[in-house]
Amino acid sequence: MNIQKFKADLALVFDDDTKTIVYKNYLDYTIWGFILLSTVEIFLSTYKNISEQYGGILNFIDLITTVFFTVEVSLRIWTIDLLEPKYKGFLGRVRYCLSFYGLIDFISTYSYYIGFFFTIPVSALKAMRVARLLRIFRFMRSFRLLTAALANKGKEMLVSLQFLVIITIILSFVLFFAENEAQPEVYSDGLTPVLWAFMQYIGDPGGFGDYPPVTFVGRIIACIIGVLGIAIFAVPAGLIGSGFTDEIEKEDKKEKNEINAKRILSGFWYTKNTETALFAVPRYLRMPWLQTRLGLSQAQIIEAVAHSPILRLKDLGTAQPNSEPVVSELIVETFPVNRPYGCCIDRGSNITIVATTSATEPSNGNFCFYLALLGGFN
């Protein structure tokens with residue numbers, strides 16, 4: 001097998017999309033299986049009686065899974081430049097290893113070999129290898145939705161957090177002036193009430209709650225801080241829930257647009273020309289014809305076309321040759337794309353001919369196509 005073809009196939013396997021069927025997804029299933037097998041092995045090794053009785057088998061499973069993940073992660077790093085161009089080259093791969101999933105891959109896999117050079121407790125190495133269970137998140141739709149929801153609602157959460165912090169600091173200073181006279185040995189400076197207030201939000205692990213306010217104003221402040229303690233969790237939870245709902249709606253809308261785009265593409269099949277009685281692929285499809293044929297509204301068609309990288313909307317007056325009568329009508333065109341500017345036939349030449357006006361002047365596009373074909377150019 002050609003090495004570049006093999007690398008491209010591996011890149012599709014490692015694209016974290018289980019709908020990409022390469023090698024019948026056997027490799028994806030194998031990766032999941034080894035992740036679960038490794039986790040079960042580490043879990044069973046925590047039982048002393050099982051470890052003593054089946055230690056040899058557990059060590060063998062540990063060795064096999066480590067070798068498998070060493071090969072898998074190394075190949076993933078090798079092919080990452082095909083999935084993400086920003087990780088191209090040596091420094092790009094270093095950046096990948098410092099990303100969230102890249103760091104999990106690196107730590108959970110190569111930590112096994114660190115023990116050969118440094119004295120590290122076995123429990124620490126085991127804990128690092130447990131991190132590979134997080135790799136399952138990259139295949140989970142729910143985790144991707146949650147991550148997107150956090151990213152989309154990040155500004156709102158930051159604003160709410162800033163508001164709560166400012167209000168808490170103001171209340172803390174009011175608490176200081178109210179309690180300083182009653183408990184001068186406890187509330188001796190402005191830092192103590194600030195720490196006391198913030199500790200209430202996280203369950204007071206430092207023991208600051210042992211010095212509650214005793215004045216009437218102080219107790220009122222404590223009640224307000226208690227309410228804010230509920231808000232500090234309720235507001236972000238509400239924002240995340242709203243963002244999660246929005247992302248689910250976006251995913252559903254995206255799936256519907258993909259289905260509608262495929263239905264539109266099915267219309268670009270061989271049809272019989274009424275004038276010549278010959279079968280040919282239509283240059284474009286009229287909007288009324290699509291609405292009638294597919295049962296879609298114009299808004300649904302426009303959304304599907306905007307979603308598809310190989311469909312586009314045009315005015316018929318700019319899509320047909322100037323020799324034909326100009327009629328202003330919305331149509332849908334399709335075109336292959338493998339470059340940011342359109343479609344390129346790669347013939348391995350150092351010369352590439354680009355026809356920038358072929359969309360409105362088909363003769364120029366045909367001329368450039370055959371010129372490149374005769375000359376062996378891209």
Using the salt bridge (Lys or Arg N to Asp or Glu O under 4.0 Å) criterion, which residues pair with K253? Sequence neighbours excluded.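 Partners of K253 under the salt bridge (Lys or Arg N to Asp or Glu O under 4.0 Å) test: E303.
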I'd like to check the salt bridge (Lys or Arg N to Asp or Glu O under 4.0 Å) partners of K254; sequence neighbours left out, ordered by chain and number.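 Per chain and number, K254 pairs via salt bridge (Lys or Arg N to Asp or Glu O under 4.0 Å) with no residue.
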Checking [X] side chain against [Y] main chain: does a donor-acceptor pair fall under 3.5 Å?
X	Y	answer
N257	H307	no
S160	M157	yes
D62	L58	no

Check step by step if side chain to side chain donor-acceptor pair (under 3.5 Å) holds for T70 and Y113. CA-CA 10 Å; T70 301; Y113 304 99; 2.7 Å; yes
Would you say the side chain of [Y] lies within less than 4.5 Å of the side chain of [X], judging by non-hydrogen atoms?
X	Y	answer
F69	D105	no
R312	V332	no
T192	F176	no

Applying side chain to side chain donor-acceptor pair (under 3.5 Å) as the test, list every pair that has at least one member in residues 215-235; sequence neighbours left out.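 Matches after skipping sequence neighbours: E179-T215.
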Decide yes or no on side chain to side chain donor-acceptor pair (under 3.5 Å) for Y87 and T79, but give the supporting numbers first. CA-CA 10 Å; Y87 296 135; T79 60; over 6 Å; no
With under 30° as parallel and over 60° as perpendicular, where do the rings of F6 and W78 fit, or are they tilted in between?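 The rings of F6 and W78 sit tilted, inter-plane angle from 30° to 60°.
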